[in-house]
Amino acid sequence: MNPIVIIGSGLAGFNTVKEFRKLDKETPLVVLTADDGRNYSKPMLSTGFTKEKTADELAMASPEQVAEQFNVTVRTGIHVAGIDTEKQRVLLPDDHLDYSSLVLALGADTWTPPLEGDAVGEVFSVNDLMDYGRFRQALDGKREVTILGGGLIGCEFANDLSNGGFQVSLVEPMGRCLPMLLPQPASAAVGRGLEDLGVRFHFGPLAKAVHYGKDNPEKLVTELSDGTHLESDVVLAAIGLRPRIGIAKDAGLRTNRGILTDQSLRASADNVYALGDCAEVEGHVLPYVLPLMASARALAKTLAGEPTPVSYGVMPVTIKTPACPVVVCPVPEELEGDWETEEDGNTVKALFRDRDGSLRGYALTGDAVKEKMKLNKELPALMP
Amino acid sequence: MKKWECVVCGFIYDEEEGLPEEGIEPGTKWDDIPDDWVCPDCGVGKEDFEMVEL
């Protein structure tokens, strides 16, 4: 029998392996990964300085250990060339691999803004453990970091790097922290928390270019649209994520923002599934661990012969900014309603109610994060 | 009393505090938490937690 083939060794790929092996010890499994195949948790990449952990210390297991523990073949450094969904075959650079089922756990790419300047190639993004290792190395002995983007990743890194003793400047064109996730008063609380740690914000302008320093080519100069020049040792882009859909699209699978699947995580060809950051499950693109884990458990059952749709309950997102803790349950897109906000210093409790007065989302900062579980009970499930 | 940290997201379970909102009383030992309990922040299982030294 051909193996179940999983493309991707991030949390989505390895947790599918792990959950499947709880149900089926024998069916051959092959993981193909472009990375080095070490098992790590992506959310922990933005806590490495606070926890004083290097890339090697954030790795929980080598690919050999994963292979042994879960009876799986892990092929590292493999760039998949294509998928033939008719023949149920993955095309590799000099070879191919036939599958009984295929799981796309491809993750997402960081989106880098169009920048000019001779030092554009020096701009980092941290999307996996290997990136993180290079980033840590570049920071060795350095002091100043410019972060482009004040969303979840940008704010978490701003907090973590400040804890690590770096001077952080953060550029966010939308004018406040976490603009896509939080209402204004909660954004302001996070901003104050990070400012107290020493983060310098540049709200409003866009980054236009990154140059080598004229007097000191060791330094980088980030030029903003308002004419400001920010000098730093390292520049980190944290603008956003785009689901990786390229090979799925080329294979003729239906895609939109992500790889389209039904509630059972089935893509548009037989025996092909997708989960995690690359997937768009019944219209939901949720690049967070909570939905990913629910998906891995459901998919493991389906692959083991018991077709199981995934349920998404309430899906709150915890943002790791200890300077001002945040938990948010995002409001469904295009839902009409209003925020009710209570504020006390950096403690903000913002509740979003729809036109019928039902709670449909919340944003909590500071001490208000303790109310998360109570509020979750009032919220409807995202995808029952 | 010990603390246990989720290795995937960093959530900390403190035996002293328990998780009263989830019906886990203060003082509940890690071993006494049901095996199907999952991390409230990220959904991974008990096997993905490790004890934190204080």
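Values in this document were obtained by computation on a predicted structure and should not be read as measured data. Throughout, a chain's letter reflects where its sequence line sits, starting with A, and its residues are numbered from 1.
A:F157 and A:F135 have perpendicular rings, their planes meeting at more than 60° on a 0 to 90° scale where under 30° would count as parallel.
Contact of A:L11 with chain B is made through the side chain alone, with heavy-atom distances under 4.5 Å. Using a 4.5 Å cut-off between heavy atoms, B:V7 touches chain A through backbone and side chain atoms alike. Neither the backbone nor the side chain of A:T47 has a heavy atom closer than 4.5 Å to any heavy atom of chain B. With a 4.5 angstrom heavy-atom cutoff, A:K42 does not touch chain B via any of its atoms.
Shown here are the side-chain contact (heavy atoms from CB on, under 4.5 Å) partners of A:P291, two or more places apart in sequence or in another chain: A:L286, A:Y288, A:Y312, A:M315.
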Indicate every side-chain donor-acceptor pair of residues 364-374 of chain A with a distance under 3.5 Å to a residue at least two apart or in another chain.
| residue | atom | partner | partner atom | Å |
| --- | --- | --- | --- | --- |
| A:T365 | OG1 | A:N346 | O | 2.8 |
| A:T365 | OG1 | A:V348 | N | 3.0 |
| A:E371 | OE1 | A:K349 | NZ | 3.0 |
| A:E371 | OE1 | A:K374 | NZ | 3.4 |
| A:K372 | NZ | B:D41 | OD1 | 2.5 |

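One finds no salt bridge joining B:K2 and B:D14 here, because no Lys/Arg side-chain nitrogen approaches an Asp/Glu carboxylate oxygen to under 4.0 Å.
Counting heavy-atom pairs closer than 4.5 Å to chain B, the top residue among A:E19, A:K18, A:M60, A:K377 is A:K18.
Minimum heavy-atom separation, A:T16 to A:A12: OG1-O, 2.7 Å.
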